[in-house]
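Note sheet for the following structure.
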Protein chains: 4
Amino acid sequence: MEERLADNRGRIVLATRRLIAEGGFREAQMAAVAAAAGLSTGAIYRYFPSKAELFVEVLTEAVRHEIVILNAIAAGPEDATTRLRLAVESFAQRALEGRHLAYAFIAEPVDPEVEAARLHSRRAFGDVFKAILRDGIAGGEFPDQDIDVGAACIVGAFTEALVRPVAPTAKAVADRQRLVSAISSFCVRAITGAATAARRRAPLRPRSARR
Amino acid sequence: MEERLADNRGRIVLATRRLIAEGGFREAQMAAVAAAAGLSTGAIYRYFPSKAELFVEVLTEAVRHEIVILNAIAAGPEDATTRLRLAVESFAQRALEGRHLAYAFIAEPVDPEVEAARLHSRRAFGDVFKAILRDGIAGGEFPDQDIDVGAACIVGAFTEALVRPVAPTAKAVADRQRLVSAISSFCVRAITGAATAARRRAPLRPRSARR
Amino acid sequence: MEERLADNRGRIVLATRRLIAEGGFREAQMAAVAAAAGLSTGAIYRYFPSKAELFVEVLTEAVRHEIVILNAIAAGPEDATTRLRLAVESFAQRALEGRHLAYAFIAEPVDPEVEAARLHSRRAFGDVFKAILRDGIAGGEFPDQDIDVGAACIVGAFTEALVRPVAPTAKAVADRQRLVSAISSFCVRAITGAATAARRRAPLRPRSARR
Amino acid sequence: MEERLADNRGRIVLATRRLIAEGGFREAQMAAVAAAAGLSTGAIYRYFPSKAELFVEVLTEAVRHEIVILNAIAAGPEDATTRLRLAVESFAQRALEGRHLAYAFIAEPVDPEVEAARLHSRRAFGDVFKAILRDGIAGGEFPDQDIDVGAACIVGAFTEALVRPVAPTAKAVADRQRLVSAISSFCVRAITGAATAARRRAPLRPRSARR
DNA sequence: CATGAATGAGAATTCATTCAT
DNA sequence: TATGAATGAATTCTCATTCAT
């Protein structure tokens with residue numbers, strides 16, 4: 001029964017995430033969520049007191065997962081530049097899978113209650129990048145700079161570059177790779193101030209070799 | 001009479017913009033717009049056939065204004081780096097006045113009709129920056145790079161950095177200046193790959209001394 | 001000035017009739033009427049206290065005109081059968097010009113106030129036919145029958161046969177003639193109980209010649 | 001549960017029919033329908049996607065019922081004349097129960113979507129009579145004639161004769177019988193061209209005595 | 001007198017939430 | 001517990017009528 005409870009709860013969260021990812025908040029109505037989860041609308045209210053709280057959990061959950069991955073990268077052994085690039089690319093890669101979901105992270109929430117969660121998410125993402133930036137500056141790898149702004153800009157840059165709703169899928173993997181690496185190049189350049197790192201994808205060459 | 005017409009139309013647009021800026025699309029309901037404009041709901045429909053079209057006009061109008069300014073900067077006599085910086089700072093400065101409005105530009109729109117206008121807006125902003133990037137690359141000032149991604153990242157970067165809705169005003173002008181210049185530094189660095197601009201944090205040096 | 005007044009009044013009635021004829025009551029909104037009459041909405045209220053009263057006048061006016069013509073036929077020198085046929089054909093002919101107007105006569109009125117006028121119209125039409133029927137029965141030309149029902153049925157029969165909205169215009173005059181005479185044959189047969197009068201269009205042949 | 005569903009759906013249709021019968025389309029507003037059905041407005045939308053579709057169903061339903069009965073008569077063993085009379089009388093009899101509903105069949109519909117259903121209904125009624133006419137002509141019972149016009153005229157004749165809205169009920173059953181048979185006499189005469197039926201006004205003679 | 005902008009009472013529809021079964 | 005039908009407040013849009021100019 002405990003099992004079942006947890007099971008249903010998870011199904012609801014999953015269904016909601018999928019609906020948001022596919023059609024934004026607008027499509028994630030309680031009836032649709034219930035249908036997608038294979039439950040009744042009433043059942044949802046046994047697990048979540050309101051739509052807002054459900055959405056909050058979905059966001060929080062999705063972000064938590066993302067943060068774990070990013071933190072692992074941020075705590076890695078590579079130099080800050082590499083970690084920055086890896087983090088951006090890792091995030092970007094997954095965001096491409098679910099544009100609408102990523103979109104929802106920055107979208108005007110239907111409900112003000114959800115806003116708080118959204119803000120928290122962004123801050124959390126920012127924190128990961130801040131950590132890397134701090135490292136890089138401390139180690140002399142990055143020029144001194146406003147890490148709050150830098151982190152926010154990174155999040156914003158790839159969000160915007162990835163998320164704008166273009167043709168639904170279609171684009172080949174090749175294009176996707178190119179896009180992701182163009183974005184990460186942008187971010188690395190922005191932080192390091194080193195012009196060419198991005199185009200040549202060799203991550204560990206010494207700085208002197210760059211132009 | 002003509003006067004009156006134009007006057008009311010303007011009042012409606014203004015009221016709508018204000019409501020969106022304050023509370024997002026959600027708060028800008030027709031009744032609220034009417035009240036804010038000092039009119040009846042019916043009166044709005046004399047000027048706009050639907051809520052969607054009103055929103056579209058508000059967006060379009062705000063963007064048009066912005067684009068004119070940005071284009072003037074983009075077409076200026078300065079080198080591309082300077083123009084980039086000026087454009088970003090100019091935009092950022094004004095975006096700070098109306099966070100929520102800027103927010104609405106990237107928000108998930110209530111109405112699919114509005115979405116078209118939103119996309120167009122973003123493209124328009126992007127185009128301005130693309131022009132500068134093209135110039136700079138052609139003139140050897142910027143390293144070769146994907147200008148589509150670059151333009152999108154710029155828009156995203158400062159949108160994110162500016163727009164996160166904190167307490168409505170609060171921050172002093174000094175902070176604002178610093179914020180704006182940190183953002184523009186980020187963007188300039190990202191495009192030029194030159195770390196210079198950011199390191200010197202002296203916010204008040206005369207413009208001529210920069211470059 | 002008196003001139004002008006009457007002029008405007010007429011223009012309004014005319015415009016309303018035209019609008020009803022073209023699109024039914026639904027299209028005849030006060031703003032549309034005003035535009036069609038080349039006046040302001042306010043001006044209409046100088047001549048008519050309400051939309052309902054305007055509609056009533058339009059109906060009454062249109063019917064008065066019709067009744068005058070029909071009464072002339074009813075009072076003619078021909079035998080009752082001929083007059084009946086002529087009346088039906090005359091009415092039918094003109095109804096074909098403005099189906100929607102004829103339609104409006106039998107349509108559920110938008111406003112209950114208009115209903116009274118509509119009823120009056122139908123009664124008036126019925127009265128014309130009743131007169132003819134009475135004549136014909138009195139003169140032994142028609143079998144004895146319920147003239148109230150007969151008159152109503154005649155009005156209904158050709159209304160239905162003519163008014164059902166088929167392809168807008170198109171049909172040639174030949175078809176129109178055939179239609180009108182099929183209807184009048186139906187009505188004449190219904191009243192006289194004589195089977196073949198209609199097909200052979202010779203109106204005055206002696207009864208013995210018929211089958 | 002299934003029970004409940006069907007029950008409510010039926011209640012809604014019933015309530016709508018009653019409201020239309022009493023006050024026409026105009027009175028059958030969704031709120032009124034809901035109230036009459038003992039439900040909330042929202043509940044109606046569980047069963048019908050829109051007001052138009054509800055109206056269409058009400059019409060269709062009423063017509064289907066009618067058509068079944070009429071077709072049974074049209075397919076009966078009697079001669080065409082008798083079947084014609086029976087069909088008209090049967091229809092007329094029931095139309096007298098719900099004048100306004102019959103009225104709505106010929107009324108200018110509020111919504112263009114409903115118009116299609118209305119047209120279909122009339123055509124369906126017409127078809128029944130066309131079948132009888134065809135039979136009668138083929139069997140030499142009726143003179144040759146335009147059956148399209150004939151069918152339309154029949155429908156129109158008794159619609160008009162029955163439907164003119166007088167005081168809601170009032171008239172005694174005796175009057176009703178006489179009215180119905182006057183109408184059917186009119187129609188039979190119109191089609192057969194035989195004056196017999198109408199002249200003998202004795203309403204209560206046994207059916208076998210008629211021809 | 002004429003104008004036509006403004007009014008505002010409706011009417012249809014949506015959807016989160018509740019609650020009897 | 002689960003169900004899903006029912007609720008009803010909220011929202012957009014319409015159009016006859018009024019009234020300041």
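Atom set for the values below is all heavy atoms of this structure, side chains included, hydrogens, waters and symmetry mates excluded. Lettering of chains follows the sequences in order, A, B, ..., and the numbering in each one begins at 1.
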On DNA chain E, does the nearest nucleotide to A28(D) precede the nearest nucleotide to T41(B) from the 5' side, or the other way round? Give the residue.
T41(B)

Scan S50(A) against the nucleic acid and name what it touches under 4.0 Å (heavy atoms): base, sugar-phosphate only, or nothing.
sugar-phosphate

In whole Å, I'd like the distance from the CZ atom of F25(C) to the P atom of dA16(F).
13 Å

When you measure from the side-chain N and O atoms of N8(A) to the phosphate of dT1(F), is any distance below 4.0 Å, counting only OP1 and OP2?
no

Using the closest heavy atom to pick a nucleotide of DNA chain E for each, name whichever of L39(B) or G38(C) lands nearer the 5' end.
G38(C)

Rounded off to whole Å, could you give me the CG-to-C1' distance for the L19(D) and dA12(E) pair?
16 Å

To the nearest 0.5 Å, how far apart are CD in E53(A) and OH in Y45(A)?
11.0 Å

Between R9(C) and E57(C), is the salt bridge (charged side-chain N to carboxylate O under 4.0 Å, His left out) condition met? List the steps.
CA-CA 11 Å; R9(C) 208 169 198 286; E57(C) 170 134 352; 2.5 Å; yes

List the atom of L59(D), the atom of A117(D), and the distance in Å for their closest heavy-atom pair.
CD1-CB, 4.5 Å

If we call it a pair only when both distances are under 3.5 Å in a Watson-Crick or G-U wobble match, what pairs with dA5(F)?
dT18(E)

Between A43(A) and Y47(A), the two heavy atoms sitting closest are O-CD1, 3.1 Å

Rounded to whole angstrom units, what separation is found between the CE atom of M30(D) and the P atom of dT12(F)?
20 Å

Quick one: does any side-chain atom of R11(A) pair with a main-chain N or O of A37(A) as donor and acceptor, under 3.5 Å?
yes

Within less than 4.0 Å of OP1 or OP2 of dA5(F), is there a side-chain N or O belonging to R46(D)?
yes

Toward the 5' end of DNA chain F, by each residue's nearest nucleotide, A43(B) or G42(D)
G42(D)

dG4(F) phosphate, OP1 or OP2, under 4.0 Å from S40(A) side-chain N/O
no

What is the distance, to the nearest angstrom, from the CD atom on E113(B) to the P atom on dT12(F)?
14 Å

Reckon Y47(A) has a side-chain N or O less than 4.0 Å from the OP1 or OP2 of dA2(F)?
yes

To the nearest angstrom, the OH-C1' distance between Y45(B) and dA11(E) comes to 13 Å

5′-ward residue of the pair Q29(B)/P49(C) relative to DNA chain F:
Q29(B)

F48(A) CZ - dT1(F) C1' separation (whole Å)
17 Å

Between D7(A) (CG) and dA2(F) (P), how many Å, whole number?
11 Å

Roughly how far apart, to the nearest Å, are dC1(E) and dT21(F) at atom C1'?
13 Å

Nearest whole angstrom, please: distance from the P of dC15(E) to the CD1 of I44(A).
15 Å

Watson-Crick or G-U wobble partner of dA12(E), both distances under 3.5 Å
dT11(F)

